[in-house]
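Here's the structure we're looking at; comments come further down.
Letters go in sequence order (proteins before strands), and every chain restarts at 1. Every heavy atom of this structure was used, including side-chain atoms; hydrogens, water molecules and symmetry mates were not.
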Amino acid sequence: MTGTASTPMVDARGVHKYYGSNEVIKGIDLTVRTGEVTCLLGPSGSGKSTFLRCINHLEKINAGSISVDGELVGYRQHNGRLHELRDAEIADRRSQIGMVFQQFNLFPHMTVLENLVEAPVQVRREKAKDAAERGRDLLARVGLAEKADAYPRSLSGGQQQRVAIARALNMRPKLMLFDEPTSALDPELVGEVLDVMRGLADDGMTMIVVTHEIGFAREVADTVTFMDGGVVVESGPPEQVLDDPQRQRTRSFLAKVL
Amino acid sequence: MTGTASTPMVDARGVHKYYGSNEVIKGIDLTVRTGEVTCLLGPSGSGKSTFLRCINHLEKINAGSISVDGELVGYRQHNGRLHELRDAEIADRRSQIGMVFQQFNLFPHMTVLENLVEAPVQVRREKAKDAAERGRDLLARVGLAEKADAYPRSLSGGQQQRVAIARALNMRPKLMLFDEPTSALDPELVGEVLDVMRGLADDGMTMIVVTHEIGFAREVADTVTFMDGGVVVESGPPEQVLDDPQRQRTRSFLAKVL
Amino acid sequence: MTGVTRVELSPAGASAEEAPLRVVPVRRWGQWVATVVILAIAALLVHSVVANPNFQWDEVFGYFFDGRILRGLGTTLYLTVVAMVIGIVIGVVMAVGRQSRNVVVSGAASAYVGFFRGTPLLVQLIFWFNLAALYPTLEFGIPFLEPFYVADTNQLITPMFAAILGLGLNEGAYMSEIVRAGLLSVDPGQTDAAEALGMRRSKILRRIVLPQAMRVIIPPTGNATIAMLKTTSLVSVIAIGDLLFAVQVIYSRNFVVIPLLITASLWYLLVTTILSIGQHFLEKRFKRGERQAEQSYFAAWLTGLLPRRPKVEPMPVTAAIPIEPEGDRR
Amino acid sequence: MTGVTRVELSPAGASAEEAPLRVVPVRRWGQWVATVVILAIAALLVHSVVANPNFQWDEVFGYFFDGRILRGLGTTLYLTVVAMVIGIVIGVVMAVGRQSRNVVVSGAASAYVGFFRGTPLLVQLIFWFNLAALYPTLEFGIPFLEPFYVADTNQLITPMFAAILGLGLNEGAYMSEIVRAGLLSVDPGQTDAAEALGMRRSKILRRIVLPQAMRVIIPPTGNATIAMLKTTSLVSVIAIGDLLFAVQVIYSRNFVVIPLLITASLWYLLVTTILSIGQHFLEKRFKRGERQAEQSYFAAWLTGLLPRRPKVEPMPVTAAIPIEPEGDRR
Amino acid sequence: GCSSPAGDTPAPGESELFDQSIADLLPEDIQEAGEIRVASGPGYPPILDVAEDGVTLSGSQPEEVRLIGEVLGIEIVFDDIKFDALFPALESGKVDMAAASLGITAERLETVDFVSDFQGGTTLLVPGGNPQDLSIDTLCGHTIGVLKGSTEEAVTIPAWNEDCDTPIDVSTFATAADAVLALSSGRVEATVSALPPAIYQAAQSDGAMEALDVNYEPTPWGLAFPDESTLTEAVAAALQKLIDERLYQENLERFGVEVGAIDEAEIYTDPSESEL
Ligand SMILES: Nc1ncnc2c1ncn2[C@@H]1O[C@H](COP(=O)(O)OP(=O)(O)OP(=O)(O)O)[C@@H](O)[C@H]1O
Ligand SMILES: Nc1ncnc2c1ncn2[C@@H]1O[C@H](COP(=O)(O)OP(=O)(O)OP(=O)(O)O)[C@@H](O)[C@H]1O
Ligand SMILES: [Mg+2]
Ligand SMILES: [Mg+2]
């Protein structure tokens, strides 16, 4: 069931999500092919974060289906029925999807390297030595080799976010989800993080990126999807969506952000 | 001793500030004339916030002097000596300087109107009715008339920041200090707050604004001051500092932010 | 979240229009076992308590409204209330004192806390009660000058006064730690903002910091109040009869020990429950303006017993931006 | 901050090059009065304690290393350690249980906390100790079937076991509230991040959430441990001799009450002080990675006594951006 | 506090028991105050107990003190102070004397004075029918409950233990009720206690317990006074008058503890005067 060129990495169909009686996602279809970068744009409250969280099953969806690399997230299909997975299996599938949060969410009580080593050792039962070795390589790649033994709180926001990316990458995920990875950063620090993401995209990582950085989207994205009020308003190649949007909502949003 | 056209509203001379042994402000001179808007730019850690906090004596300076509207902040000159003011007097002077923080810092246990009324009643001993009346006017002015009885946490960031501005204005200050008032906001919400500030500037309020919004600075500021490492690197009218900076440091900073 | 809501789901590759598949919820054997075990234990406990003649339920309820027990209960409640009020006031003063910039003041506050937390309450009670053994008269006045008021210690310090003094001072030391934690929990930005508005320290403490610290202060204070309810029984050593002492006096006569202890326990349970309800509402009161109410002990207990249904979520922080009317703005 | 550092200040209008003016610090009369009053009280207290013959310091120190008292101290320490360990374990289990999605599990945990907080420890101890009066034998087995193990209650539950059971179960209820507050204090983003990495609930609890909750859990646990030190003396009701009971037995023979109570108090103070030091280092340990260390009780006490000097501040969070070498990039 | 004036006692000076010559022995401050404050509280029936109303202090010793008050023509005010606070209360002058069924021992005489008013011997309280057939000579190796600070705990059992190979396993309880409950739950096999309360406890238990019919080595008990108290003489004289007029014995009979009657009220001030 692993991904081939023909199976898309992410295949979301008719996804609905309620918080209580409040419908936050109102039927979203989205396909991301392996190696592609999709940027999600949209105003605050449009459900971008929620959708991302549904993809790795941090939230259960109420209707529709999401499959990652050909496997349903959170369910197993068997004899014409959907069997809910148990926590352990969900955790296992989740470990193949990397996620980077707006607020970094590094583990403050561990050093940078310990942050990177924790999940491979605890989840994958890798040897600490192997995980640490790979971790150091990743840190070097994001330009933080010398910060391995620092604690997260002593790092700048940009540095913290790069550590968060390295932490996710150290699980060798098939898919990376980014939820506004630069919006908590000072303008000067944004560049550092976008550089790392650009490098990832060049290496062929499949990525879904929620962002307000239109410049980045234009440069890196294969597809730009504009969401509002829980639905996809417009989707397509960056040139089309960003420079020649068809819908009024998209245009008014871009007018404000640019 | 009140401000006339000739006395500057803010007159800082040779200001130095240490945190422990760490010199954060290394001799700053700055003059802001009544009715002028000064924008402070500079990278993170350059001491912008610290300087602002020195102006209203939230931090004691270690050398130099700062006077607001002709009066020393935190001291009284008498018989050739500087007498430290007691807390009550400092509080009194401070009440004439409004300050708006990056993180809003609204009082979460009070409604919006209560936030606005608190200081005039507690500090100025105004009648609650009068303060509330003026408060409602101010709320209307920042476009939040109908939110008077809401609690801060139920407001969006932009709304919260506008309440914070109204709260400071309700003390009828001579001078407004803004510390990155839009950097905690979503891009779409930034405009709301900048609009309010623009209106204030048009009304002739003296303002010092720490900001990364170059567009706003260009449009509204009378003077733009670029700080780095605790000193003023460059200062002048916006056209000059923003469009034709003389120093390399300024140029490299603007290159990243723009 | 584990509810078996019917979920329309279509497998990957199948078109969304196909009939939805049935979802088989995961079987959580561990949870079922836990449930069965807990219910079985609960049933056994209830059965063995109700059916066991040793509990002598007639005795238990026979004494429930006994005058002596009710009087003891009154003393317990009175002491708890008074001691907690004094303790909270002292706690606030000491917590603030410990943050004083004056070394002597903060040192004294620390010494107070160290001393009163460090010595047994029983000893403190005996000391206050018998202060006269150490200081037969108390003289009020300016040191080294003639005192302007001299009091016989024993007259000044009645047993009830000694009890209140002992319980209150002791509780003050513990409360000071609780209040200090609360004060530290309030964002310093709040003090900044209030100072920038020109408010004075005392006002800031009273109107801005303390009300917000209450959130963190209330739950451990609830713990402390419930503990105090039981701690008051130590005062029987200085001739004050509380609830527990009342039943002890009765059973030291008739040796109906266990039923009487159950009577006392039921009263304590009742009062504790009422206190928990009070705490719940107090917490709610001080959560005004907070978005998502954390569950207090009582609420957790209630919701722990009631089936959980999805409920309407509170308003989001970030208000959604209204969709503008169509019309090109470019 | 109030230190009289010499500040170069020039008045408004004067040029910065002029000779700096002398700064006259504000006179804080209130603080001076407070200082004098506190020092005077302290001096009076020390004098009256040391010089008062009623304290009989020779008796106090004569009993300090008495074998019975040392044995009692040993029991107190042993019970405190064991009861706190049990209490903490139960507290964690119950705090987690109360957050369970299973209604029966969370209801049972809530009932546990309600019951054990709500009834006096004394009653609980008497119950465990005299369980045989209610249930002469304990039968283990499957309900309604022949039990496979029958034990004599009194043999199974030794007095020490009853004491540990009583103290541990009771403390568990209080600790559960403390732990719950700690768990709630950890940013949910941490759980999100760990879940997104594929970690399982138990792992997340153990490796991510609990270590961070410790910051909030330790101070009230310190309070609880110090209280437990004194609470253990309740076990004398079931014939176990702790420190306080040891001195009570001695003075009930010879009536040297006050000096013996002082002896006990000094021991309690000593242990409390050691515990506070331990708490200080534990707090420091769990503040690894935190930027600005909050002061623990002990540190506050120390710094409250020592003169405060400006010290080198910790590294800023946001690292300053290094100034690039000159060279046009435009 | 729970201080309660003697319920049905006639006003001071009115009683036919009043004896001016004995009253003259009272120290001046007491005469001035017109009352003697006595630390005493229920919890050790039948010697210390409450009356039927459940509030008024009663029992053989408090009633005896009331009689003494009548002889002295002075008001008796009881203060219910627990044992731990008892001596400090004596020393601090909060009370003038203590009626708490205290045994007179050399150790205690170091810090207080006594006037003897009772002879308490030791006996065993065992489960009904005495299933283990215990007696005072066969206690070695058995689990025995005693009362904290009692003569039995301090003196008697250590003396017995000297003849034991396996020492007696002693559990020390704070109150008689705790000890009796432990006996009924089988926690201890017997309690060693003074005879009068043991008889009372057996009577209360409906046959579940019985007190052995021995009165082992009676020793003097007494009313306690602060060291060098000037009140002892008056109290001793008053008590002696009660003994001489047999009112003392009648009072003990009322509570069923006449086995402990003494013939002479003695003042003990020095440790050397005690046999214990
Ligand atoms: N845990 C939750 N409980 C209830 N409502 C929620 C929850 N999380 C999000 N919502 C609501 O769902 C809607 C969509 O939120 P979401 O965070 O997905 O938006 P977003 O597009 O990511 O916005 P932003 O740009 O502000 O991050 C909002 O109205 C929000 O209030
Ligand atoms: N309370 C404090 N104690 C010690 N150092 C401090 C304190 N506040 C600020 N600093 C240090 O002073 C320097 C200047 O900080 P400041 O906050 O004024 O910078 P800034 O220009 O406002 O930066 P930013 O854009 O990040 O807000 C930084 O190195 C910071 O670490
Ligand atoms: Mg979001
Ligand atoms: Mg700043």
Query raised in the report: Is B:D87 paired with C:R201 through a side-chain N to carboxylate O contact shorter than 4.0 Å?
Result: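 Looking at B:D87 together with C:R201, the answer is yes, because their closest N to O distance falls below 4.0 Å.
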
Requested in this report: Let me know if B:R53 has heavy atoms under 4.5 Å from chain C in its side chain, its backbone, both or neither.
Outcome: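 Looking at B:R53, just its side chain touches chain C.
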
Query raised in the report: Between B:Q122 and chain C, which part of the residue has a heavy atom less than 4.5 Å away: side chain, backbone, both or neither?
Result: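 Both parts, backbone and side chain.
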
Requested in this report: Keeping the roles fixed (side chain from B:N105, backbone from C:G189), state whether a donor-acceptor pair exists under 3.5 Å.
Outcome: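 Checking the backbone N and O of C:G189 against the side chain of B:N105, a donor-acceptor pair under 3.5 Å is found.
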
Requested in this report: Kindly say whether B:L106 contributes a backbone atom to a donor-acceptor pair with the side chain of C:Q190 at under 3.5 angstrom?
Outcome: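 Flag set: sc C:Q190 to bb B:L106 pair under 3.5 Å.
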
Requested in this report: Provide the closest heavy-atom pair for C:A196 versus B:L58 in the form atom of the first, atom of the second, distance.
Outcome: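 The pair with the smallest heavy-atom distance is N-CD2, 4.2 Å.
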
**Report entry** Shortest non-hydrogen contact from C:A193 toward B:F107
**Finding:**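 Looks like CB-CE2, 4.3 Å.
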
To the nearest 0.5 Å, what is the distance between [atom1] on [X] and [atom2] on [Y]?
{"X": "C:L197", "Y": "B:M99", "atom1": "CG", "atom2": "CE", "value": "11.0 Å"}
{"X": "B:H109", "Y": "C:Q212", "atom1": "NE2", "atom2": "CD", "value": "5.0 Å"}
{"X": "B:M110", "Y": "C:R207", "atom1": "CE", "atom2": "CZ", "value": "5.0 Å"}

Query raised in the report: Can you find a heavy atom in the side chain of B:E118 that is under 4.5 Å from one in the side chain of C:M199?
Result: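 The answer is yes, as the side chains (C-beta and beyond) meet within the 4.5 Å cut-off.
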
Requested in this report: Step through the shown structure and confirm whether more than 12 heavy atoms of other residues, nucleotides or ligands are within 6.0 Å of CZ on C:R200.
Outcome: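 No, the 6.0 Å shell around CZ holds no more than 12 heavy atoms from other groups.
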
**Report entry** Greater than 12 external heavy atoms within 6.0 Å of B:E133's CD
**Finding:**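 12 or below, so no.
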
